[in-house]
Structure formats: C-alpha cells, structure tokens
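What follows is a short report on a single structure.
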Protein chains: 2
Amino acid sequence: MAPARDSSSLLREAGLRATAARVALLNALCATHKPLKAAELRRSAGRGMDLVTVYRAMDALEKAGLAKRIGVDRTSASWEFAHRAHHHHLVCRGCGELEDVGECAVEGLEKRVLGKSKRFASVSDHSLEFFGTCRDCASAARAA
Amino acid sequence: MAPARDSSSLLREAGLRATAARVALLNALCATHKPLKAAELRRSAGRGMDLVTVYRAMDALEKAGLAKRIGVDRTSASWEFAHRAHHHHLVCRGCGELEDVGECAVEGLEKRVLGKSKRFASVSDHSLEFFGTCRDCASAARAA
DNA sequence: TCCCTATTGCAAATGACTTGCATAAGCATA
DNA sequence: TATGCTTATGCAAGTCATTTGCAATAGGGA
C-alpha cells in the first residue's frame with residue numbers, strides 16, 4: 001500500500017521535516033501489511049541508517065500520528081502505518097511472526113468495561129492479540 | 001485468595017521442589033488480585049531474595065502451570081496466579097496500574113480468526129487489554 | 001542421616017531502547 | 001541561490017529488564 005500522497009508531503013503536512021530517513025521509513029512502513037520491528041524497519045528502509053535514528057524517527061512519526069506502535073510482546077516493539085482500519089493481530093509463539101486480523105469484535109465494549117471499574121477515569125483504546133503457532137513453526141516442531 | 005491447598009503441596013503436585021523462594025512467591029501471587037511485576041513480587045514475598053531468583057522461580061511456576069505471565073506492555077512482565085477464571089485487563093497509560101476485567105467477549109472468536117489465516121496452524125490463546133487513564137493520573141493531569 | 005540433584009545468589013552478559021553531544025541536513029527567508 | 005536558525009542524525013556510552021555461568025546451598029528420596 002503506497003500512501004495516498006508521497007511520504008514527504010505526508011510528513012510535512014504532519015508538521016515534520018521530510019528527512020531522508022523518515023521518508024524511507026514511512027515508505028517501508030506503507031509497503032508492508034504487517035507491523036515491523038526496529039531492526040526490520042532499518043533493513044526495509046534500505047539505507048544504512050543508525051538504529052537510533054529508527055527509534056527517534058518512529059517516535060516522531062508516532063507522535064505525528066503517522067505510525068502506530070504495537071506492543072505485542074515484551075521483547076521488542078513494532079510499528080505499522082497508522083492510516084489503516086482498526087484491526088488486531090495473530091502472533092506466533094514460536095517465531096514472533098505477525099499477521100493482521102481484519103475484524104474487531106470488541107468495539108463498543110470499552111464503555112461497559114469502564115463502567116465496571118472504580119479506579120479508572122477513562123478508556124481510550126484496546127488491543128487484542130491471538131497467540132498460536134504458524135505453519136513453519138508447527139512443521140519444525142513436528143520434525144524435531 | 002489463598003490457594004486451595006498450601007503452596008508447598010501445590011508446588012510438589014506440580015512436580016517442583018517446594019523451596020522457600022517459590023512458596024513465598026506463590027503465596028504473594030495468591031494474595032493479590034492483580035498481576036505483579038518481578039520487583040513487586042520480590043517485595044511482596046518479603047524475604048530478601050535475589051531478583052534473578054524471582055525470574056527463575058516464576059519461569060518454573062509458569063512452566064508448571066501455576067503462574068501466568070501477562071504481556072501487557074513491552075517494559076516489564078507481570079505474573080498472576082494461574083488458577084483463575086479467564087479474564088482481561090484494564091491498563092493505565094500513565095502509571096501502568098492494572099485492573100482485572102471480569103468478562104471475556106472474545107471466547108469463540110479464535111476459530112474464526114484461525115480460519116481466515118493462511119499462515120497459521122493453530123490458535124491457542126488470546127489477550128485483550130483496554131488502555132485508559134486511572135483516576136489518580138487523570139486528576140494529576142488536571143492539576144498540572 | 002546422607003547424597004545427589006535442583007535451586008539460589010552473585011557477578012557479569014545480553015538485548016532493546018534512550019540520552020548527550022557534536023556534526024550535518026532541512027527549509028524559511030532574504 | 002546563498003544565509004542562518006533549527007531540527008535530525010550518527011556515534012558512543014548509558015539505562016533497564018531479563019538471562020546466563022558458576023560455585024555454594026538446600027530439598028527430599030533412599
């Protein structure tokens with residue numbers, strides 16, 4: 001999925017400088033339909049940028065609302081292009097492979113959840129992940 | 001919630017040695033209704049054990065099916081006693097405060113999700129977290 | 001009670017991510 | 001197009017949660 005307008009314009013419209021690193025990262029992000037980790041982003045962006053730059057740039061993209069951070073596991077973060085329909089993820093317990101799950105059956109549950117809580121003032125957001133085994137890991141396990 | 005039988009028996013039945021550290025951790029876990037982080041567990045267990053011991057013990061408890069690891073965010077893991085009804089969590093974006101959400105509206109969705117995937121062989125599990133702001137953080141933000 | 005083996009503590013390593021600082025681009029303006 | 005202020009970047013070093021190696025210690029079955 002290429003962005004509606006080129007990445008530089010998107011960046012500038014979001015109030016960010018259209019630097020080479022950010023453009024490359026945003027392109028990489030748009031080109032993929034699954035969340036990318038910092039190291040994958042650097043690889044996909046294809047110009048030897050520092051990992052630190054990836055983190056800082058993604059931080060900027062995130063604040064500007066162009067990228068969305070996915071907190072699937074506790075070992076490393078991933079990001080995906082933000083201008084996408086709300087959806088969830090399927091995660092492999094073996095290799096960490098990620099796949100999108102199109103539908104969201106949880107919309108509208110947030111209010112109910114908040115209503116039952118005494119300690120919370122608001123609920124803005126939710127995340128739903130399904131865990132399982134991808135075919136590769138399943139056959140690897142069978143072979144072992 | 002105290003365990004049905006004392007922690008030592010639970011451990012031994014699970015095939016683990018009932019060491020002082022594991023008993024203390026399991027007690028701490030059962031005494032709380034919310035997931036505890038490694039450092040909190042050490043504090044709650046109340047005997048100056050090494051943090052490394054907490055990690056190794058929780059790993060053992062987890063493998064034995066006595067504790068459940070919660071992967072809410074990417075900054076630190078939490079565990080809760082495993083013998084509890086399936087439920088989800090409400091997480092404060094400000095301070096990380098965690099609260100249980102009793103109901104699960106996602107049960108039964110797993111099969112449907114798996115059916116739509118081409119890359120996955122099985123789905124065993126899911127996690128659903130709601131994010132928001134707890135009252136403390138909300139009033140702190142108002143005051144600032 | 002003894003002995004073998006699992007577990008613990010300590011120290012050091014790892015891996016993801018962040019921070020400080022000097023240099024190198026952006027880009028608005030002249 | 002050249003200028004100059006400001007924001008980004010690279011590099012090196014630091015932080016934080018978690019893991020690993022190893023020697024010392026403590027369960028618990030015989």
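Fair warning: this is a prediction, and the values are worked out from it, not measured in the lab. Within every chain, numbering begins at 1; the chains are lettered A, B, ... in the order of the sequence lines, protein sequences first and strands thereafter.
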> Salt bridge or not for A:Glu97 and B:Arg119, using N-O below 4.0 Å?
Replying inline: yes

> Would you say a side-chain N or O of A:Tyr55 is under 4.0 Å from OP1 or OP2 of C:dT18?
Replying inline: no

>> What is the separation between atom CE on B:Met49 and atom C1' on C:dC10, rounded to the nearest whole Å?
In response: 16 Å

> With distance as the sole criterion, do the side chain of A:Arg12 and the base of C:dG26 form a donor-acceptor contact below 3.5 Å?
Replying inline: no

>> To the nearest 0.5 Å, what is the distance between CG on A:Leu29 and CE on A:Met58?
In response: 5.0 Å

>> Rounded to whole Å, please give me the gap between CZ in A:Arg17 and P in D:dT9.
In response: 10 Å

> Base, sugar-phosphate alone, or nothing: which one does A:Ala18 contact when heavy atoms must sit under 4.0 Å apart?
Replying inline: sugar-phosphate

>> Considering every strand and a 4.0 Å limit on heavy-atom distances, what is the contact class for B:Ala60: base, sugar-phosphate, or nothing?
In response: nothing

>> Heavy atoms only, 4.0 Å cut-off, all strands: where does B:Ala20 land among base, sugar-phosphate and nothing?
In response: nothing

> Atom CG of A:Leu16 and atom P of C:dA28: how far apart are they, to the nearest Å?
Replying inline: 13 Å

> Just by distance, do the side chain of A:Ser44 and the backbone of A:Glu40 share a donor-acceptor pair under 3.5 Å?
Replying inline: yes

>> In this structure, how many angstroms lie between the P atom of D:dA17 and the CZ atom of B:Arg69, rounded?
In response: 14 Å

> Between A:Leu51 and B:Leu51, which is nearer to the 5' end of DNA chain D once each is assigned its nearest nucleotide?
Replying inline: A:Leu51

>> Quick check: any donor-acceptor pair below 3.5 Å linking the side-chain of A:Arg56 to the base of C:dT18?
In response: no

>> Closest approach to the side chain of A:Asp50, judged atom by atom: which nucleotide of D:dG28, D:dT18, D:dC11 is it?
In response: D:dC11

> Whole Å only: how far is the CG atom of A:Leu11 from the P atom of C:dA25?
Replying inline: 18 Å

>> Just verifying a value: how many Å separate B:Phe130 CZ and A:Leu109 CG, rounded to the nearest 0.5 Å?
In response: 4.5 Å

> Does the side chain of A:Arg22 get closer than 4.0 angstrom to OP1 or OP2 of D:dA8 through an N or O atom?
Replying inline: yes

>> Tell me the interatomic distance from A:Glu40, atom CD, to C:dG15, atom C1', rounded to whole angstroms.
In response: 15 Å

> Is the B:His126-B:His86 ring centre distance short of 6.0 angstrom?
Replying inline: yes

> In terms of side-chain heavy atoms of B:Val52, which of C:dC10, C:dT19, C:dC17 is nearest?
Replying inline: C:dC10

> Expressed in angstrom and rounded to an integer, what is the separation of B:Met58 atom CE from D:dA17 atom P?
Replying inline: 17 Å

> Could you give the NZ-to-C1' distance, from A:Lys37 to C:dC17, as a whole number of Å?
Replying inline: 14 Å

> Just to confirm, is there a sub-4.0 Å distance from OP1 or OP2 of C:dT8 to any side-chain nitrogen or oxygen of B:Thr19?
Replying inline: yes

